[in-house]
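Accompanying notes for the structure given below.
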Amino acid sequence: MQENRYDCVIIGAGPGGLQAAIHLARYNRKVLLIDHGGGRTRHALHIENYLGLELTSGKELVDTGIRQIKSFGAEFRREHVASVRAENGFTVITEKSQYQAPYVIVSVGAVEHPPKIKGMNRFFSRTVFTCVDCDGYRTTGKKLAILGDSLDAMRLAFAMRQMFTPDITLILPAGLMPDDHAELLAEDGIAFWVGNPQEFLGDTVLTGVKLADGQEIACEVVMLSYDYTLNDSCLVGLDLARDGNGTQLSTDPGCETSVKNLFALGALKAGKAQAIIAAGQGAMVGIEINHRLLEL
Ligand SMILES: Cc1cc2nc3c(=O)[nH]c(=O)nc-3n(C[C@H](O)[C@H](O)[C@H](O)COP(=O)(O)OP(=O)(O)OC[C@H]3O[C@@H](n4cnc5c(N)ncnc54)[C@H](O)[C@@H]3O)c2cc1C
């Protein structure tokens, strides 16, 4: 195992990690960014809410970012971080090596858990969406089905009705609907079905959702509302404070976690998971770490 010392190790090539690397590398700091590939940003086929980029894809954003950080001298390694130890600074351990630094930025994101639905790959991020802030706009005026497994999906239906479209069918598993909510949905003209989605219908254009009982619900677009988990297994063992739900990491306004000099960005921390927000956090943290590194 080789040992390597850096000013800062960044885990995760989401927009936050990449932006932090750009800033730190442009102070001529010794920076390593480690990423094992994949990630939510890469799955975004259309990003059109990022200032200065009329339309891009997450893949384009990330690939450009990786080229950019290398151009300023940051190192990039395709490795999986297994753990981070906090003793005399930090040791970041991958399957191949270990790296030391006084500062670590974690930008490892999260992963959603929708049920297995036939045809998902065909439509995901095209007409089947997971994020209102990202793709809600794309449902404007369309025939929308909302699929979920918690009462959050019902709140989402009311919100989508206010912002984007009156033509909504909510599909929930049995047992989730409190009595009075059926009336409230009816008042807002939101159709409601109990069932488990099995298949997205249509060859290239989405035409509907088929439920396990054979019922077919017509729609042009779908919004999924399912749980997600953080990619935070590499942080097990660190004494990190979490938010009220015990899920996302709590940080101060400067993105510093309860472990001093360990910063968290993007979906990992409480707040809005948007590419431009994560990038802003990365810039802020890069500047802050550089200040702490200065010996004045
Ligand atoms: C379908 C879809 C569409 C979206 N559309 C938009 C949009 O239009 N606009 C917008 O602002 N946002 C959009 N988003 C959300 C956005 O992409 C992210 O929430 C945001 O960019 C923040 O990402 P992140 O940095 O938290 O995580 P990610 O982008 O998921 O990056 C995390 C990175 O960490 C790496 N990683 C994880 N664990 C490890 C480990 N142990 N070792 C090494 N590497 C690791 C992953 O490989 C990944 O590259 C969309 C998301 C999805 C899924």
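Since this is a predicted model, take the numbers as computed values, not measurements. For ligands, and for the atoms within them, numbers begin at 1 and follow the listed sequence. We count residues from 1, following the sequence as given. Side chains included, hydrogens not; waters and symmetry mates left out as well; all remaining heavy atoms used.
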Tell me, which protein residue and heavy-atom name are nearest atom 29 (O) of ligand 1, and how many Å apart are they?
-> Thr41 OG1, 2.3 Å

Just by modelled atom types, is the Thr247 backbone N or O under 3.5 Å from a matching donor or acceptor in the Asn245 side chain?
-> no

Enumerate the atoms of ligand 1 whose separation from the nearest heavy atom of Glu79 is less than 4.0 angstrom.
-> 43 (C)

Using a strict 4.0 Å cut-off to heavy atoms of Gly39, name the atoms of ligand 1 that fall inside it.
-> 30 (O), 48 (C)

Of all protein heavy atoms, the one nearest atom 27 (O) of ligand 1 is Gly109 CA, 3.4 Å

Judging by distance only, is a nitrogen or oxygen of Ala110 under 3.5 angstrom from one on ligand 1?
-> no

Are the side chain of Ser107 and the backbone of Gly17 linked by a donor-acceptor contact shorter than 3.5 Å?
-> yes

In ligand 1, the atoms that come under 4.0 Å of a heavy atom of Ala273 are 15 (C), 19 (O)

Quick one: look at Ser125 and ligand 1, take heavy-atom pairs under 4.0 Å, and tell me if it's side chain, backbone, both or neither.
-> side chain

For His80, counting its heavy atoms only, list the atoms of ligand 1 lying under 4.0 Å from any of them.
-> 40 (C), 41 (N), 42 (N)

What is the nearest protein non-hydrogen atom to atom 11 (O) of ligand 1, stated with its residue, atom name and distance?
-> Ala275 N, 2.7 Å

Polar contact flag, side-chain donor to acceptor under 3.5 angstrom, Thr165-Lys142 | no

For the atom pair CD1 (Ile47) and OG (Ser57), what is the distance rounded to the nearest 0.5 Å?
-> 7.0 Å

So the atoms of ligand 1 within less than 4.0 Å of a heavy atom of Ala267 turn out to be 26 (O)

Can you tell me the protein heavy atom closest to atom 44 (N) of ligand 1 and the distance?
-> His36 N, 3.1 Å

What part of Asn49, side chain, backbone, both or neither, has a heavy atom within less than 4.0 angstrom of ligand 1?
-> side chain

Identity and separation of the nearest protein heavy atom to atom 30 (O) of ligand 1 | Arg40 N, 2.8 Å

Could you verify whether a donor N or O on one side chain and an acceptor N or O on the other, from Gln274 and Asn49, lie under 3.5 Å apart?
-> yes

What is the nearest protein non-hydrogen atom to atom 34 (O) of ligand 1, stated with its residue, atom name and distance?
-> Gly12 CA, 3.2 Å

Polar contact flag for Cys234 and ligand 1 (N/O pairs, less than 3.5 Å) = no

Under 3.5 Å between some N or O of ligand 1 and some N or O of Glu112?
-> no

Those atoms of ligand 1 less than 4.0 Å from some heavy atom in Ala44 = 2 (C), 3 (C), 4 (C), 5 (N), 50 (C)

Output the list of atoms in ligand 1 that are nearer than 4.0 Å to some heavy atom of Gly37, sorted by atom number.
-> 47 (O)

Any idea which of Cys134, Ser107, Gly14 brings a heavy atom closest to atom 6 (C) of ligand 1?
-> Cys134

Under 3.5 Å, is there a donor-acceptor pair between the side chain of Asn231 and the main chain of Val108?
-> yes

Check if Tyr50 has a non-hydrogen atom at a distance under 4.0 Å from any atom of ligand 1.
-> no

With no hydrogens and no angle check, is any side-chain donor or acceptor of Arg138 less than 3.5 Å from a backbone partner on Arg126?
-> no

With atoms numbered from 1 as shown, which atoms in ligand 1 lie under 4.0 angstrom from a non-hydrogen atom of His46?
-> 8 (O)

Is there a heavy atom in Cys131 that sits closer than 4.0 Å to ligand 1?
-> no

For residues Ser125 and His43, is any side-chain donor paired with an opposing acceptor at under 3.5 Å?
-> no

Within the structure, does Arg42 bring an N/O atom to less than 3.5 angstrom of an N/O atom in ligand 1?
-> no

For Lys30, look at atom NZ and say whether over 12 heavy atoms of other residues, nucleotides or ligands are found less than 6.0 Å away.
-> yes

Determine yes or no for a side-chain-to-main-chain donor-acceptor pair under 3.5 angstrom, with Asp252 supplying the side chain and Gly254 the backbone.
-> yes

Do His46 and Leu55 pass the side chain to side chain contact (heavy atoms under 4.5 Å, CB included) test, and can you show the C-alpha distance, the side-chain angles, and the key distance before you say yes or no?
-> CA-CA 6 Å; His46 314 102; Leu55 176 64; 3.9 Å; yes

Test item: side-chain donor near acceptor, Glu79 and Tyr99, under 3.5 Å | yes

Before signing off on this row, confirm whether Val81 and ligand 1 have an N or O atom pair separated by under 3.5 Å.
-> yes

With rounding to the nearest 0.5 Å, note down the distance linking CG in Asn290 to CZ in Arg29.
-> 4.5 Å

What is the closest protein heavy atom to atom 35 (C) of ligand 1, and at what distance does it sit?
-> Asp35 OD2, 3.2 Å

His43-ligand 1 polar pair, N/O distance under 3.5 Å | no

Main-chain N/O of Lys143 paired with Asp167 side-chain donor or acceptor, under 3.5 Å = no

Of all the heavy atoms in Gly58, does at least one lie under 4.0 Å from an atom in ligand 1?
-> no

Do you see a donor-acceptor pair shorter than 3.5 Å between the side chains of Tyr137 and Glu48?
-> no

Check the surroundings of atom CG in Asn121: do more than 12 heavy atoms from other residues, nucleotides or ligands lie under 6.0 Å from it?
-> no

